[in-house]
Amino acid sequence: MSTFQSLNRFYASGIHLVISASVVGASAILVFMYWYSGLLSYASGVSDIFLILVLVDVVLGPLITLIVFNTKKKELKRDLFIVGCIQLAALFYGLHTLFDARPVFVVFNNGRFDVVYANELPQEKLNRAVYNEFKSLPYLGPKIIAAQLPKDQDKAKDIILTAVAGGDDLQQLPEYYLPYVEVKKAVVEAAKPLALIKIFNKNQQAEVDALLNQFSSKSDKIGYIPLVGKTKNLVAVVNIETAEIMMMSKLKPLDDSYGASSVDLKAILKKN
């Protein structure tokens, strides 16, 4: 009797489960360590999509094997092959979808960071970039860059009106991209006092205290800038001397009831 014929359905399903979990685990490393690194997966809402992949490949596949496995069936190998093909097709389709929608740029503009995704930047748009480094998309994690409105007032007005109408905003127009290092001064000026975090996150005091304590020894050199994602916004903690992003946090960067101007923020701090 061959090894295959000696298997029972539970053992076969267990082997299938181990193989499926290994493949999905390797895929998770690619997705969450490179394409959607750090908290960008949270800001982009990718976890729910990946969960569907897990259900199909780690749960349904081995479950089907448990149901159909019977060494007396002549078509058993064919059935298992079909199950495997369906799993792989679902996995590759899911990964392709995630790859096409991966974050490619974190763009500083107008006092905030915006996450821009691959499917928002077709090659015809990229070809309009002034800098060669922005004419193609990064494959393993997003680049931190900047975008600046044109000096031509009519063009700038057109971009703003188009964005208000639901069209492309500045961060989705590569012709206005420039290296992050060129806007260091603007980043430093836009950084908000880290102490504001406690005002906008009153129901998450423990998380706020942990963040403030982490930078308590150099609080005068640290600020934050809102980071806008597809489904969630983040706090981007920045060094106000170098404009470097130190870390990101799930805490709310602003509250809808407050304005974002420097005057408003100073008034809020003074009041609280």
Side-chain angles (χ1 to χ4, degrees), residues 28 31-51 98 101-121 138 140-147 163 169-172 177 180 183-184 186-216 218-219 221-240 242-262 264-265 268-269:
V31 171
F32 294 107
M33 288 189 66
Y34 295 99
W35 295 348
Y36 297 81
S37 58
L39 290 180
L40 291 181
S41 59
Y42 171 78
S44 305
V46 73
S47 298
D48 292 340
I49 299 174
F50 195 80
L51 180 59
L98 293 177
R102 73 193 185 282
V104 287
F105 296 116
V106 175
V107 184
F108 175 80
N109 76 96
N110 195 31
R112 72 184 196 186
F113 291 104
D114 287 283
V115 183
V116 179
Y117 301 87
N119 54 7
E120 296 176 326
L121 296 175
L140 297 177
K143 291 181 179 179
I144 299 173
I145 65 171
D169 205 342
L170 180 62
Q171 67 271 15
Q172 293 148 347
Y177 286 178
Y180 184 64
V183 297
K184 175 181 174 181
V187 173
V188 171
E189 291 175 350
K192 309 176 192 307
L194 199 57
L196 277 175
I197 296 297
K198 61 184 178 182
I199 300 171
F200 301 133
N201 297 272
K202 293 182 178 179
N203 295 328
Q204 295 177 279
Q205 197 60 49
E207 292 85 349
V208 170
D209 290 342
L211 180 62
L212 295 178
N213 290 337
Q214 184 175 345
F215 297 100
S216 59
K218 47 185 176 180
S219 58
K221 298 179 180 179
I222 298 296
Y224 83 91
I225 293 176
L227 185 148
V228 180
K230 185 176 294 183
T231 60
K232 300 288 184 180
N233 298 333
L234 302 174
V235 165
V237 179
V238 297
N239 184 312
I240 58 175
T242 65
E244 176 189 0
I245 296 179
M246 308 296 292
M247 65 169 290
M248 296 180 188
S249 169
K250 290 182 180 180
L251 294 169
K252 290 173 62 176
L254 286 174
D255 190 287
D256 293 337
S257 62
Y258 294 110
S261 71
S262 58
D264 290 332
L265 297 177
I268 295 167
L269 271 177

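Numbers here are sequence positions counted from 1.
- Remark: side-chain polar atoms of T231 are paired, donor with acceptor, to backbone N or O of A43 under 3.5 angstrom.
- Between the side chain of Y42 and the backbone N or O of S47, no donor-acceptor pair lies under 3.5 Å.
- For the pair V187/K184, no side-chain contact is recorded, criterion being any heavy-atom separation below 4.5 Å from C-beta on.
- The shortest side-chain heavy-atom distance between P253 and R112 does not fall under the 4.5 Å cut-off.
- For N213, the CG atom sits in a packed shell: over 12 heavy atoms of surrounding residues, nucleotides or ligands are nearer than 6.0 Å.
- Atom NZ of K198 is separated from atom CD of Q204 by 15.5 Å, given to the nearest 0.5 angstrom.
- Atom CG of L194 sits about 11.5 Å away from atom CE of M246, to the nearest 0.5 Å.
- With rounding to the nearest 0.5 angstrom, the CG atom of N201 is 4.5 Å from the CG atom of L251.
- Pairing each heavy atom of F108 with each of A186, the nearest pair is CZ-O, 3.8 Å.
- The side-chain heavy atoms of V238 and I222, taken from C-beta on, include no pair separated by under 4.5 Å.
- Remark: Y36 OH to F50 CZ distance equals 11.5 Å, nearest 0.5 Å.
- Atom CD1 of residue I245 and atom CD1 of residue I144 lie 3.5 Å apart, to the nearest 0.5 angstrom.
- Considering every non-hydrogen atom in both P142 and L40, the closest pair reads CG-CD1, 3.4 Å.
- With V106 as reference, L227 is the one residue of V116, L227, I145, D114 to meet the side-chain contact (heavy atoms from CB on, under 4.5 Å) rule.
- For the pair L211 and M247, the minimum side-chain heavy-atom distance is below 4.5 Å.
- Using the six-membered ring where Trp is involved, F113 and Y180 have ring planes that are tilted, between 30° and 60° apart.
- Between G223 and I240, the shortest heavy-atom distance links the atoms N-CG2, 3.7 Å.
- In this structure, K143 places its NZ atom where more than 12 heavy-atom neighbours from other residues, nucleotides or ligands lie under 6.0 Å away.
- Side chain to side chain, Y117 and S44 meet the donor-acceptor criterion of an N or O pair below 3.5 Å.
- The structure places NZ of K252 at 13.0 Å from CG of L196, a figure rounded to the nearest 0.5 Å.
- Panel note: side chain R102, backbone V31; no donor-acceptor pair is recorded below 3.5 Å.
- By the 6.0 Å contact criterion, CG on N110 is open, its count of non-hydrogen atoms from other residues, nucleotides or ligands being 12 or less.
- What you find for L234 and M248 is that their closest heavy atoms are CD1-SD, 4.0 Å.
- Nearest heavy atoms, P193 versus Y224: O-CE2, 3.3 Å.
- Between G229 and V115, the shortest heavy-atom contact is CA-CG2, 4.2 Å.
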